[in-house]
Peer 1: 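Would you mind keeping the following structure in view while I ask a few things?
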Amino acid sequence: MCGICGVIGKSAPEVVARMIVAMHHRGPDGQGQFDAPRASIGMARLAIQDVSAWGDQPMANDDQSIWIVYNGELYNGPAERAHLQDKRYRFRSTGDTEVVLKLYQEYGEACLPRLRGIFALAIIDLRGGPGRERYLLARDAMGVKPLLYSQTKRGIVFASELKAILESGLVERRVDAAAVRSLLFRGSVYQPASMIKGVEMLPPAHVLIQERGQTRIERYWTFATDRRAELKGLGYGEQVEAMRELMRDTVKAQLVSDVPVGAFLSGGVDSAALVALMAGEAAGRVKTFSVGFDESLRAIDETGEAGVIAAHLGTDHHRIAVEGAEIAENFDQVVMALDQPSVDGLNSYLVSRAAAAHVKVAISGTGGDDLFMGYPWHARVLAQPPAPDHFLDAYAGYNAEFHQTFGDGDVGHLLAPKLRNAMREPASRGILQTDELPDAGAVDRMTVLTLRGYTNNQLLRDIDAMSMAHSLEVRVPISMSR
């Protein structure tokens, strides 16, 4: 994993240099920059695969006509490498960045649906010659890795974090009123908005392309029903076995690394299942980490259950004890790590800090309740499924009961008068853009709403920010279920 950044539209070496420094925590193992006549890109590298200089970025193809900065992991990298080798491509590195680069060289943006992994990337394509350059930004299908951008007078500025965007000096530091409303009401800022006006998240499964002065954003993948239609005809036991094999294959693919891989172990079913699968695949004892609290926070301590699971699986377990006073003392650092406000993320910050002292990669069970409908509002909606025309309003209402920080009336009182116009939107407005399967049944529709809503905007965003603050890569096999 890394931090990537750049400016598209004009070469900006001094700007990108500042942005790289602002993301040093995301990649302390190295940094690099490439300046073209009409663009500059840079990255801070956390070396996970091919830790040699051959894995450094920005990376170019053989004739240096295509350049890439890439933050991510390609879990089907070995298969795609073999596919490209069959087409007579040769490789200098053993990492996955070069695989993505040469997939683009072969297929253009049509390569994106082939990428099974988590990523944010930027590509400079100079093959067309002066005035015909092509620039591309893309984000993974599930929205695990972040990518923010802003259209400025100097061009499109982009980065993995808001801190780097602001460090560019090209974006005015103005708070987005609707984002504040979303934070106070839902506990997080719903994408594509960010806390800064004029800065947006590139949506998951989308690509931004600029060529000949024109910019367009396109979707390259979407959720769909019946991708594995054959599973519906199986009995329950057969479906369980099929899921077990899918998860085993997913975990095995995500253990690929040239550095040690550990796991977060919370005591829940999701993380326990992943650690059990890891224990079956790993060569040695899996290092596991959980955070425990003193008496003042005993109600949220799950380390007893985690310890039992760790003992059963024979992991090298680390329980990190945290006192309430320690949290207060580190509050400023926690807020800075978040990159933009959220009501969650503290536990991810603490467990990431602990794990980073032992490993550079950790597996997390994030997404289990989201994908398998484990939240209370899921059961409530399914108990009395609303009519399709009222589904979003019903979902928004049940969802708000669980995640709402302040009610509509409270938010109105908290906002300054000039920000209150954002209060006029209905509660379901922020959820509308997450409704990718509006014609599907209640289970499919609600699962996608959760994955594109709460999972993307709070869980995945927070865990990326909190883990990368400690130079730790976190992989999420359940959330990366594509």
Side-chain angles (χ1 to χ4, degrees), residues 1-4 22-28 44 46 48 71-73 118 120 140 142-148 159-165 183 187-189 191 194-195 201 261-266 268 270-271 274 287-293 297 300 302-303 306 318 320 322 324 326-368 370 403 454-480:
M1 294 299 175
C2 311
I4 66 172
M23 295 188 299
H24 176 75
H25 52 280
R26 293 187 73 95
L46 182 65
I48 302 298
N71 166 29
E73 297 291 348
I118 56 178
D140 67 75
M142 300 302 291
V144 178
K145 302 310 295 180
L147 187 58
L148 299 110
S160 298
E161 291 187 358
L162 268 177
K163 286 189 283 290
I165 294 277
L183 171 68
S188 62
V189 178
Q191 301 171 33
S194 77
M195 189 55 70
M201 276 274 205
V261 180
F264 297 162
L265 184 57
S266 67
D270 41 17
S271 65
L274 293 179
K287 292 184 181 294
T288 53
F289 306 88
S290 61
V291 173
F293 301 95
L297 297 170
I300 60 173
E302 297 181 354
T303 54
H318 302 258
I320 300 91
V322 179
E326 182 182 356
I327 295 174
E329 291 170 2
N330 286 273
F331 187 74
D332 287 349
Q333 290 92 325
V334 173
V335 173
M336 177 63 73
L338 268 174
D339 201 45
Q340 74 174 14
S342 166
V343 300
D344 206 350
L346 175 61
N347 193 62
S348 295
Y349 179 91
L350 297 171
V351 73
S352 295
R353 183 178 66 178
H358 301 270
V359 296
K360 292 181 74 171
V361 181
I363 298 289
S364 168
T366 300
D370 313 62
H403 292 296
Y454 176 62
T455 315
N456 271 161
N457 297 304
Q458 189 157 323
L459 295 186
L460 293 178
R461 202 214 68 85
D462 287 358
I463 202 167
D464 172 83
M466 292 309 206
S467 61
M468 293 306 291
H470 300 288
S471 307
L472 178 74
E473 173 185 311
V474 171
R475 300 176 180 177
V476 284
I478 298 177
S479 293
M480 216 299 292

Peer 1: Measure the shortest side-chain to side-chain distance between Arg353 and Asn330 over non-hydrogen atoms and say whether it is less than 4.5 angstrom.
Peer 2: yes
Peer 1: Measuring only between side-chain heavy atoms, which start at C-beta, is Val291 closer than 4.5 Å to Tyr349?
Peer 2: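 The answer is no; the side chains never approach within 4.5 Å.
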Peer 1: Side chains of Ile48 and Arg475, heavy atoms from C-beta outward: is any pair under 4.5 Å?
Peer 2: yes
Peer 1: When you measure from the side chain of Ser160 to the backbone of Ile4, do you find a donor-acceptor pair of N or O atoms at a distance under 3.5 Å?
Peer 2: yes
Peer 1: Quick check: closest heavy atoms across Val144 and Val476, and the distance to 0.1 Å?
Peer 2: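 Heavy-atom minimum between the residues: CG1-CG2, 3.8 Å.
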Peer 1: Rounded to the nearest 0.5 Å, what separation is found between the OG atom of Ser290 and the CG atom of Leu350?
Peer 2: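 CG of Leu350 is found 11.5 Å from OG of Ser290.
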Peer 1: Identify the heavy atoms of Ala355 and Leu472 that sit nearest to each other, and give their distance.
Peer 2: CB-CD2, 4.1 Å
Peer 1: What are the two closest heavy atoms between Leu46 and Arg26, and how far apart are they?
Peer 2: CB-O, 3.5 Å
Peer 1: Applying the side chain to side chain contact (heavy atoms under 4.5 Å, CB included) criterion to Pro146, which one of Met201, Met468, Glu161, Arg461 satisfies it?
Peer 2: Met201
Peer 1: For Ala164 and Ala22, work out which heavy atoms get closest and say how close.
Peer 2: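 So the minimum-distance heavy-atom pair works out to CA-CB, 4.0 Å.
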Peer 1: Just verifying a value: how many Å separate Leu459 CG and Ser479 OG, rounded to the nearest 0.5 Å?
Peer 2: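 One finds 7.5 Å between CG of Leu459 and OG of Ser479.
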Peer 1: Pick one: which of Leu274, Asn347, Val474, Thr366 meets side chain to side chain contact (heavy atoms under 4.5 Å, CB included) with Phe264?
Peer 2: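 Output: one option passes, namely Val474.
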Peer 1: Which value, rounded to the nearest 0.5 Å, describes the distance between Asp140 atom CG and Asn71 atom CG?
Peer 2: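 If we round to the nearest 0.5 Å, Asp140:CG and Asn71:CG are 9.5 Å apart.
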Peer 1: Taking all heavy atoms of Gly3 and all of Met23, pick out the closest pair and write down the distance.
Peer 2: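 Closest approach of Gly3 to Met23: C-CE, 3.6 Å.
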Peer 1: Consider only side-chain N and O atoms of Asp462 and Ser342, and report whether a donor and an acceptor are under 3.5 Å apart.
Peer 2: yes
Peer 1: Determine whether Ile327 and Val334 satisfy the following criterion, side chain to side chain contact (heavy atoms under 4.5 Å, CB included), listing intermediate values before the conclusion.
Peer 2: CA-CA 9 Å; Ile327 295 174; Val334 173; 6.0 Å; no
Peer 1: Closest approach of Ala337 and Met466, non-hydrogen atoms and distance?
Peer 2: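 Taking Ala337 first and Met466 second, the nearest heavy atoms are CB-SD, 3.7 Å.
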Peer 1: How many angstroms lie between atom CE of Met195 and atom CG of Asp339, to the nearest 0.5 angstrom?
Peer 2: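 It is 11.0 Å, given to the nearest 0.5 Å.
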Peer 1: Got a second to check how far Asp270's CG is from Ile478's CD1, nearest 0.5 Å?
Peer 2: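 Asp270 atom CG to Ile478 atom CD1 measures 5.0 Å (nearest 0.5 Å).
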Peer 1: Just verifying a value: how many Å separate Glu326 CD and Ile320 CD1, rounded to the nearest 0.5 Å?
Peer 2: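 That separation rounds to 10.5 Å.
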Peer 1: Quick one: sort the His318 and Phe289 rings into parallel, tilted or perpendicular, breaks at 30° and 60°.
Peer 2: parallel
